[in-house]
Asker: 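Supplied in structure tokens, the structure appears directly below.
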There are 2 protein chains.
Amino acid sequence: MKKTSINDIARHLGVSKTLVSFVLNGRAKEFRIGDDIAARVLEVAREMNYQPNRIAQGLRTGKTKTIGLIIADIANPFFGKLGREIEQEAALHDYHVIFCSSDENPEKSRAQIAMLQQSQVDGYIISPPINSEEQIRLLAKGRIPFVLIDRYFPEIESDYIVVDNYDAAYKATSHLLAQGRRRIANITMNLNLVNMNERTEGYKQALLGHSIAVDENLIKVLPFSHDNKDVTKAIQELLGSTDGRKADAILFSTSKIGVMGIECISALGLKIPDDVAVVSFDNADAYKICVSPVTVVGQPLQEIGKTAVQIIMDKIEHPRNPARFQHIKLNTELIVRKSCGS
Amino acid sequence: MKKTSINDIARHLGVSKTLVSFVLNGRAKEFRIGDDIAARVLEVAREMNYQPNRIAQGLRTGKTKTIGLIIADIANPFFGKLGREIEQEAALHDYHVIFCSSDENPEKSRAQIAMLQQSQVDGYIISPPINSEEQIRLLAKGRIPFVLIDRYFPEIESDYIVVDNYDAAYKATSHLLAQGRRRIANITMNLNLVNMNERTEGYKQALLGHSIAVDENLIKVLPFSHDNKDVTKAIQELLGSTDGRKADAILFSTSKIGVMGIECISALGLKIPDDVAVVSFDNADAYKICVSPVTVVGQPLQEIGKTAVQIIMDKIEHPRNPARFQHIKLNTELIVRKSCGS
DNA sequence: CTGAAAGCGCTTACAG
DNA sequence: CTGAAAGCGCTTACAG
């Protein structure tokens with residue numbers, strides 16, 4: 001059962017493969033090919049179960065109809081949902097997506113970009129890890145379009161789609177303040193990541209805006225590759241002391257941290273929101289059925305994914321020189337549930 | 001900045017591209033190519049930042065080093081985690097993965113298989129939706145290897161990796177019985193899916209094994225594409241009546257259903273495990289921080305993903321005729337938490 | 001030890 | 001209206 005090629009069809013009908021190619025690509029009219037012969041080609045193609053070889057098309061046309069996606073971890077629901085939106089939008093354009101999880105590790109993302117490059121993807125959607133500036137800069141020098149999502153590098157010219165993190169954290173912190181909390185902590189990860197940094201900035205400014213001094217002891221910065229232990233340690237420092245707890249509220253900068261954090265809080269026997277109020281970034285499913293459903297900063301994942309693909313498609317179809325870059329900053333939504341009291 | 005090809009290197013050094021290809025593929029020794037010239041080739045390749053074109057290699061060798069993955073939904077943490085394991089294992093073999101979410105829709109999976117076919121993937125890992133027997137049978141007739149995961153079709157000869165669903169449900173139900181529950185319900189989805197069917201069978205047999213009659217009213221079968229409304233309706237029927245509730249425990253056959261179910265239970269103002277005990281398939285993160293942390297059937301996701309890739313790799317590297325099929329059934333683990341009382 | 005040539009399956013100027 | 005030919009970037013018999 002060898003696959004049938006355009007050649008097989010041509011031979012079968014005694015015509016040239018040029019002709020076959022034309023009609024298969026729907027360009028029969030354009031080249032004024034006889035209706036009868038065009039119909040026969042289509043018929044035989046169906047009979048022989050012809051499937052165009054995209055690899056061959058790719059080599060010839062220079063378009064593989066594939067986009068490469070690099071995110072931190074596809075198993076993380078935040079990125080999983082984002083990946084889903086991207087897959088869906090790409091499919092509308094007859095595009096495939098190859099996904100790569102970088103684990104926020106620049107070494108991995110570098111290798112992944114190289115692999116994707118060799119696979120001749122037509123475009124990239126990347127959530128760049130820390131210290132990956134050089135790779136991204138190199139990518140920018142090439143002619144394959146890419147969009148950054150979730151974060152970006154201010155010093156590199158590129159398209160990007162992010163969320164207004166500063167505003168989101170400001171709103172979240174203000175909400176906590178409005179509920180009467182004063183010793184509000186923030187658990188985040190490596191602040192060299194712009195998005196994380198903006199969140200913590202928004203948090204700080206909200207405090208200052210309400211005349212509350214920023215207490216650096218209440219800001220816990222986890223390493224980018226963090227696990228339960230790191231979170232436990234942070235929570236312990238914030239809430240563990242028996243003689244009066246340092247914090248009365250926590251803003252979690254990611255849902256990965258938040259979910260682990262809430263697990264720790266429960267393990268300590270503390271109640272949310274009575275002992276500690278909680279707000280987290282990202283509307284994870286877990287938060288809906290949590291001890292006390294968690295107030296979250298919801299991100300417009302569909303819009304992020306859809307827009308990212310659309311920008312890439314536009315650049316693929318209309319390469320422009322010099323390139324014009326889009327910087328898109330989307331709004332978030334504070335979804336109030338019960339974790340901050342009522 | 002055009003990409004450098006093997007030809008550029010050959011021209012630059014005044015040698016043939018055959019020679020360049022040999023040394024670039026590490027076959028210099030094999031063809032007894034001069035050490036000096038081999039070294040020069042490598043050097044120039046680095047200088048010119050040569051990146052092999054996988055598309056061209058693929059066309060020539062017939063191997064694209066890509067595997068296609070079809071699961072229900074990459075945004076569903078269960079499949080997200082599985083996808084991650086598959087990606088990771090594939091990377092070890094220098095393979096990429098293209099992912100497709102079928103939404104349990106056979107029309108979609110059919111189109112996805114066709115696309116993947118055209119993209120000349122070297123193998124498939126598929127979690128086949130209901131009514132996709134025909135597609136899978138067709139695939140089996142081709143010469144590209146595939147492995148089924150999570151479910152399989154008993155009537156189709158193929159490799160597959162599943163979990164012992166019958167045993168898992170039997171254990172879970174027995175646990176509920178051991179906690180004194182007697183009116184145990186099961187909320188599942190379309191039973192034509194073997195894995196779902198086996199779960200409900202295990203549930204029934206556990207009841208019978210403890211001399212408890214199976215009450216079909218306690219088994220709620222949701223359509224394969226279900227949402228919050230469907231789950232709410234089922235929960236309502238099971239727990240909503242004011243004059244004595246029908247059920248005192250629920251076994252959720254998937255975590256997607258379970259998470260929504262617990263949300264409903266809370267909305268009804270019912271307490272877990274006091275008013276109703278709960279066990280669910282899949283160790284979702286949500287369950288860890290739930291109102292009352294949920295007892296779950298944990299699946300060996302890493303082993304499933306890893307084994308699936310290994311089987312595919314083996315088949316790609318050692319095509320055998322006639323094919324021999326592996327049927328792997330892995331064990332699950334009942335992780336007892338607090339949702340069934342103590 | 002090295003090179004010229006064929007060919008993977010397509011698309012697309014070019015010619016008639 | 002249709003076909004012969006070139007070429008995308010590789011690998012691999014084959015020849016010398």
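Labels below follow one simple rule: chain letters A, B, ... track the order of the sequence lines, proteins then strands, and each chain is numbered from 1. None of these values were measured; they are calculated from a predicted model.
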Asker: Do the side chains of Arg324(B) and Asp159(B) get close enough for a salt bridge, i.e. N-O under 4.0 angstrom?
Answerer: no

Asker: Taking any strand in view, what nucleotide pairs with dA13(D) in a Watson-Crick or G-U wobble way, both distances under 3.5 Å?
Answerer: none

Asker: Partner lookup for dA4(C), please. Criteria are Watson-Crick or G-U wobble with both distances under 3.5 angstrom; report none if nothing qualifies.
Answerer: none

Asker: Quick one: Gln118(B) CD to dC10(C) C1', roughly how many Å, whole number?
Answerer: 13 Å

Asker: Within the structure, does a side-chain N or O atom of Arg32(B) lie under 4.0 Å from either OP1 or OP2 of dT2(C)?
Answerer: no

Asker: Each nucleotide N or O in nucleotides 6-9 of chain C that has a protein N or O under 3.5 Å away: list the pair and distance.
Answerer:
{"unit_1": "dG7(C)", "atom_1": "N2", "unit_2": "Arg60(B)", "atom_2": "NH1", "d": "3.2"}
{"unit_1": "dC8(C)", "atom_1": "O2", "unit_2": "Arg60(B)", "atom_2": "N", "d": "3.4"}
{"unit_1": "dG9(C)", "atom_1": "N2", "unit_2": "Ala56(A)", "atom_2": "O", "d": "3.3"}

Asker: For the aromatic rings, using the six-membered ring if either is Trp, is the centroid distance between Tyr160(A) and Tyr152(A) under 6.0 Å?
Answerer: yes

Asker: Just how far, in rounded Å, is P of dC1(C) from NZ of Lys29(B)?
Answerer: 10 Å

Asker: Just the rounded figure in Å: distance from P of dT2(D) to CD1 of Ile33(A).
Answerer: 6 Å

Asker: Will you find, in the side chains of Ser225(A) and Glu104(A), an N or O donor that is under 3.5 Å from an N or O acceptor?
Answerer: no

Asker: Going from CD1 on Ile33(B) to CZ on Arg27(B), what distance comes out if it is rounded to the nearest 0.5 angstrom?
Answerer: 9.5 Å

Asker: Could you check how far CZ of Arg11(B) sits from P of dT2(C), rounded to whole Å?
Answerer: 20 Å

Asker: Can you measure Asn25(B) atom CG to dT12(D) atom C1' for me and round it to whole angstrom units?
Answerer: 11 Å

Asker: Does one side chain, of Asp122(B) or Tyr95(B), offer a donor that lies under 3.5 Å from an acceptor on the other?
Answerer: yes

Asker: Any side-chain N or O of Thr18(B) less than 4.0 Å from the OP1 or OP2 oxygen of dG3(C)?
Answerer: no

Asker: Specify the residue among Ser16(B) and Ser21(A) whose closest nucleotide of DNA chain C lies further upstream toward the 5′ end.
Answerer: Ser16(B)

Asker: Just the rounded figure in Å: distance from C1' of dA15(C) to CZ of Phe31(A).
Answerer: 14 Å

Asker: Can Asn105(A) and Asp103(A) be counted as having a side-chain donor-acceptor contact under 3.5 angstrom?
Answerer: no

Asker: So, Gln112(B) versus Ser102(B): side-chain donor-acceptor pair below 3.5 Å or not?
Answerer: no

Asker: May I ask you to verify if any side-chain N or O of Arg27(B) is less than 4.0 angstrom from the OP1 or OP2 atom of dT12(D)?
Answerer: yes

